Amino acid sequence: MSVFVEIFTWLLVDTILGFLFYSTGCVVLKVVTFGQFKNDIKDSASFKVSKAKTVNLICLLGACFYVALITLMAYLSH
């Protein structure tokens with residue numbers, strides 16, 4: 001039983017973090033391109049459906065943004 005709970009928990013965490021990283025990546029791209037970037041995924045359900053190569057790259061950009069933000073905060077606090 002605990003294996004199923006653990007699998008469900010990690011799937012939920014993966015979905016939430018993936019959508020958070022994707023949303024952040026879209027916002028970063030919109031800011032960098034001055035609003036020229038158009039995204040067609042508006043909610044979490046359509047995010048799950050389209051796990052394409054571009055979605056993964058946008059998620060990577062969002063994750064890199066958070067890593068850079070944490071690194072900057074650690075550098076400034078030292």
Side-chain angles (χ1 to χ4, degrees):
M1 183 69 174
S2 71
V3 172
F4 295 115
V5 172
E6 188 172 332
I7 289 173
F8 177 75
T9 303
W10 281 111
L11 286 175
L12 187 65
V13 167
D14 177 51
T15 302
I16 291 171
L17 284 179
F19 188 69
L20 177 72
F21 290 156
Y22 175 76
S23 299
T24 303
C26 286
V27 169
V28 168
L29 280 175
K30 277 196 179 275
V31 168
V32 169
T33 61
F34 300 110
Q36 296 297 320
F37 175 73
K38 304 287 186 224
N39 57 342
D40 57 347
I41 299 176
K42 302 292 185 199
D43 58 357
S44 181
S46 30
F47 169 73
K48 287 185 205 178
V49 171
S50 67
K51 284 279 192 167
K53 187 177 181 181
T54 58
V55 171
N56 289 335
L57 290 175
I58 294 173
C59 288
L60 180 64
L61 177 66
C64 288
F65 173 78
Y66 285 114
V67 168
L69 186 66
I70 290 170
T71 305
L72 178 68
M73 289 172 55
Y75 176 73
L76 292 176
S77 70
H78 181 53

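Just so it is clear, the model here is predicted, and its values are computed rather than measured.
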| task | Taking side chain to side chain donor-acceptor pair (under 3.5 Å) as the test, write out the residues that go with Thr24, two or more places apart. | result | Tyr66
| field | For Val13, the option from Leu17, Thr15, Ile16 that meets side-chain contact (heavy atoms from CB on, under 4.5 Å) | value | Leu17
| remark: Closest heavy-atom pair, Cys59 versus Gly18, reported as atoms and distance to 0.1 Å, is SG-O, 3.5 Å
| request: Group every Ile, Leu, Val, Met, Phe, Trp and Tyr by side-chain heavy-atom contacts under 4.5 Å, then state whether Leu60 and Tyr22 land in the same group. | output: no
| request: Please check if Leu20 and Trp10 belong to a single hydrophobic cluster, counting links between Ile, Leu, Val, Met, Phe, Trp and Tyr side chain heavy atoms closer than 4.5 Å. | output: yes
| Members other than Leu76 in its cluster, when Ile, Leu, Val, Met, Phe, Trp, Tyr link by side-chain heavy atoms under 4.5 Å? | Leu72, Tyr75
| message | Restricting to ring-ring contact (aromatic ring centres under 6.0 Å, His included), what partner residues turn up for Phe65, sequence neighbours left out? | response | none
| said: Hydrophobic clusters here meaning ILVMFWY residues chained together by side-chain heavy-atom distances under 4.5 Å, can you tell me if Leu29 and Phe21 are in one? | reply: yes
| query | When rounded to the nearest 0.5 angstrom, what is the spacing between OG in Ser2 and CD1 in Ile7? | reply | 9.5 Å
| message | Suppose we screen for side-chain contact (heavy atoms from CB on, under 4.5 Å). Which residues come up paired with Thr33, at least two apart in sequence or across chains? | response | Gln36, Phe37
